[in-house]
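First comes the structure, then the notes that go with it.
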Amino acid sequence: MPEAAEFRLEAEDARPAPAARRVRVLLPLPFPEPFDYGAPPGLDLPPGSYVEVPLGPRRVFGVVWGEGDPAAPGAVPDAKLKPVLRRFDLPPMPEVSRRFVDWVAAYTMTPPGNVLRMAVSVSAALEGPRVLTAYGRADGDLPDGFKLSPQRRRILDLLADGPPRPAAELAAEAGCTPAVVRAMADAGVLLPVPLRSGPRFAVPDGALPGPTLSPPQAAAAETLREKVAAGAYSATLLDGVTGSGKTEVYFEAIAAALRAGRQALVLLPEIALSPQSLDRFARRFGARPAEWHSDLPPPLRRNTWRAVASGEVRVVVGARSALFLPYPDLGLIIVDEEHEPAFKQEEGVVYHARDMAVARAHLGRIPIVLVSATPSLETLANAEAGRYGRIDLPDRHGGAELPEVTLIDLRRPDAAPPPRHWLSPVLRDALTETLAAGEQAMLFLNRRGYAPLTLCRACGHRLQCPNCTAWLVEHRLSRRLQCHHCGYTARLPDECPQCGAEGSFVACGPGVERVAEEVTELFPDARVAVLTSDTLLGPRAMQETVERVKAHEIDLLIGTQVMAKGHHFPLLTLVGVVDADLGLSGGDLRAGERTFQLLHQVAGRAGRESRPGRVFLQTHMPDTPVMRALAAHDRDAFLAHEAEARRQTEMPPYGRLAALIVSGEDERTVEQAALRLGRAAPHDRPELTVLGPAPAPLAILRGRHRRRLLLRGPKGLALQPVVADWLAAVEIPAGVRVQVDIDPYSFL
DNA sequence: AGCACGCCGACT
DNA sequence: GTCGGCGTGCTC
């Protein structure tokens with residue numbers, strides 16, 4: 001190449017390129033900030049646009065977060081800028097949603113991209129609605145050599161006078177697999193045609209008349225309707241015992257939002273998201289709401305996401321992740337069972353959905369209603385401080401049918417169960433009476449499996465999970481040992497792995513299966529069912545059990561907390577809590593509160609309508625405030641006691657906490673990193689307290705060693721900047737991860 | 001989060 | 001001699 005030409009080329013390259021527009025694009029990856037990309041001329045990229053961009057050798061989706069500024073400090077030079085590849089055909093992510101992503105990221109101290117990933121959890125949705133492929137009869141004769149098997153004939157018959165249908169549907173009706181259909185399509189006998197997306201979402205009608213409300217319900221509904229009409233941020237606690245009709249009340253608020261043409265969101269704990277709750281909604285509004293939870297089938301998930309984004313879906317009833325859907329016009333949030341610990345997400349982005357929902361309402365300037373029969377101390381403190389409004393709903397029946405709660409003091413010799421048995425004679429007698437009267441009983445034990453611990457009689461060896469500091473739980477139904485923390489399972493060995501003794505294992509302590517065994521022995525004629533989250537056959541089997549109880553095909557139901565949720569069993573008059581103390585061990589900050597909430601709810605299952613109920617709590621500590629409050633039906637006394645204790649120790653809600661979990665596969669490096677963090681802790685600030693490092697209660701989880709540090713600060717102080725400075729001062733070695741948990745709930 | 005680049009063991 | 005393990009580091 002001639003010198004002159006070469007020079008000319010260089011000169012051309014050096015000429016300042018026309019200032020390409022630059023946009024910031026947030027990627028669903030753990031970067032601290034959005035990346036800059038060039039906006040190709042002619043491609044309109046308003047903030048919120050869903051786009052595809054190149055990233056190293058691959059392509060990823062992202063969301064336009066704003067204008068890029070080449071002069072910004074640390075901005076990437078123009079030369080490194082890559083262009084946005086395309087924009088997806090979708091309404092842009094609303095501004096509120098984008099601000100919410102940033103807010104949650106800052107609050108939880110996670111990279112914004114990780115929060116974005118929750119908001120766009122079905123990236124396939126960006127590509128468009130799911131298009132089903134249907135198959136119809138191709139024109140013309142069958143090609144030569146095409147063998148007409150019986151299955152193939154049936155499929156042709158099915159299509160002879162019908163419209164094209166999806167492969168799965170044809171296969172099901174013809175009694176073969178979809179592979180047969182595809183093979184026929186390959187042979188040119190069937191013709192694939194794209195089918196319009198699945199059924200549209202039914203529209204709930206806010207104008208339908210609601211049920212007749214009691215005067216207090218009507219007044220409460222009116223208050224909420226006013227909040228919705230105001231179209232401003234407000235937070236309201238709706239506090240009322242089971243049977244006070246809270247749901248009907250907040251349905252009226254939803255009706256008002258619908259009439260105002262806005263979207264509404266009902267957040268429920270995952271296990272409360274039952275078909276019944278959706279049916280109940282459908283009865284009120286004439287259509288089922290869109291449902292959103294972690295195991296929604298992917299195609300439905302995709303379509304639901306799109307329908308929310310387009311505004312077609314008016315009401316979502318969902319678990320915590322429903323909070324992050326891109327509502328274009330959310331006008332109301334309801335958080336039912338507000339106190340439920342299940343709202344706290346512990347993995348990935350660690351957040352509390354109830355608290356984030358309040359933030360979302362604030363950003364969107366809309367009302368939020370927190371609903372509970374046993375509100376959390378956090379929410380009560382906010383109500384007392386005047387930050388939240390409060391509506392108390394009295395029991396519609398004036399509390400006349402409160403069950404009689406009896407504490408069984410297991411320390412007393414006459415009340416203690418016989419050896420290797422778990423039911424006190426007192427509870428046994430009550431069960432006998434109840435069954436004799438043709439009524440139903442329920443035994444509650446929040447422990448799955450047969451026995452929580454198995455040990456060798458010969459050498460004392462305990463069967464432990466290889467990945468966690470936890471005992472393996474024997475499950476007799478599945479005839480396996482299980483770790484309830486990491487999913488490890490194994491066969492029960494024939495001989496002790498320690499001493500080799502054969503058949504030397506003894507089960508220690510009860511699980512629901514073992515209680516079922518005892519009950520069957522005591523009442524051989526009773527029809528017994530066990531209800532847990534792992535009942536082998538999954539959610540459908542659980543639903544079936546519930547139906548059988550309702551139909552009185554079951555006399556005695558034994559189960560874990562999945563049983564505590566709002567099923568109405570009219571014939572159920574006795575509830576026995578096998579181990580009321582279970583949740584109190586472990587020294588958890590909220591152990592008392594949680595135990596009260598759970599057992600209160602369980603107790604509420606006894607006696608409905610005209611039948612008085614009886615509740616028996618087996619406990620070793622009948623004198624603790626929790627047990628006394630449960631026996632005396634004195635929720636407020638308990639809460640006051642609990643609140644006072646928290647106030648004195650400056651614990652939440654009268655102080656703030658942040659936890660650092662240091663984890664890694666190598667115990668020594670983890671320990672060193674934890675110690676280093678401990679030394680770098682903000683010891684110089686008297687208003688802060690640092691506890692730890694200490695081994696986390698589950699010192700090894702999924703094969704990772706864990707140390708925990710806890711930071712406590714005064715109520716008004718944001719802990720995030722403190723934690724940020726703290727972490728910045730410490731070098732964390734490779735292979736060690738530090739997980740920040742703002743407002744920790746579980747102390748695992 | 002991926003994916004590449006980059007240095008040390010068992011195989012065509 | 002290469003295939004491949006996963007340890008660090010970068011991606012606008």
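The analysis underlying the following values was restricted to heavy atoms, covering all of them including side chains, and did not include hydrogens, waters or symmetry mates. Protein chains get the first letters and strands the later ones, always in sequence-line order, with residue 1 at the start of each. In this text the structure is predicted, and so the values were computed from the model without any measurement.
- Remark: the A/Trp292 side chain and the A/Ser321 side chain contain an N/O donor-acceptor pair separated by less than 3.5 Å.
- Between the side chain of A/Arg676 and the main chain of A/Glu731, a donor-acceptor pair closer than 3.5 Å is present.
- When side chains are defined from C-beta on, A/Leu710 counts as touching A/Leu657, because their heavy atoms get closer than 4.5 Å.
- None of A/Lys82, A/Arg21, A/Arg24 except one satisfies the salt bridge (charged side-chain N to carboxylate O under 4.0 Å, His left out) rule with A/Asp36; the exception is A/Arg24.
- Between A/Leu43 and A/Val84 the shortest side-chain heavy-atom distance falls below 4.5 Å.
- At whole-Å resolution of the value, CZ in A/Phe31 and P in C/dC10 are 12 Å apart.
- Between A/Lys82 and C/dT11, a side-chain N or O to OP1/OP2 separation shorter than 4.0 Å is absent.
- To the nearest angstrom, P of C/dT11 lies 13 Å from CG of A/Leu81.
- Side-chain atoms of A/Thr560 and A/Arg448 form no donor-acceptor pair, as typed in the model, at a separation below 3.5 Å.
- Separating the OH atom of A/Tyr37 from the C1' atom of C/dT11 is a distance of 7 Å, rounded to the nearest angstrom.
- A salt bridge is absent between A/Glu291 and A/Arg301; no separation between the charged side-chain nitrogens and carboxylate oxygens falls under 4.0 Å.
- A salt bridge is defined here as a Lys NZ or Arg NE, NH1 or NH2 lying under 4.0 Å from an Asp or Glu carboxylate O, and A/Arg22 with A/Glu67 fails to meet this definition.
- Using a 4.0 Å cutoff on non-hydrogen atoms, the parts of residues 41-58 of chain A near DNA chain C are A/Pro54, A/Leu55, A/Gly56, ordered by number.
- When atom types are taken as modelled, the side chain of A/Trp471 and the backbone of A/Cys465 share no donor-acceptor pair closer than 3.5 angstrom.
- Rounded to an integer number of Å, the gap from A/Arg21 CZ to C/dC12 C1' is 16 Å.
- Of all nucleotides in DNA chain B having an atom under 4.0 Å from a heavy atom of chain A, the first and last in 5' to 3' order are B/dA1 to B/dC3.
- A salt bridge between A/Asp741 and A/Lys344 is present, with a side-chain N of the basic residue lying under 4.0 Å from a carboxylate O of the acidic one.
- Nucleic acid contact for A/Ala75: none, since no nucleic acid atom lies under 4.0 Å from a heavy atom of the residue.
- A donor-acceptor contact shorter than 3.5 Å is absent between the side chain of A/Arg87 and the backbone of A/Tyr50.
- The stretch residues 108-121 of chain A has no heavy atom under 4.0 Å from DNA chain C, so no residue of it qualifies as close.
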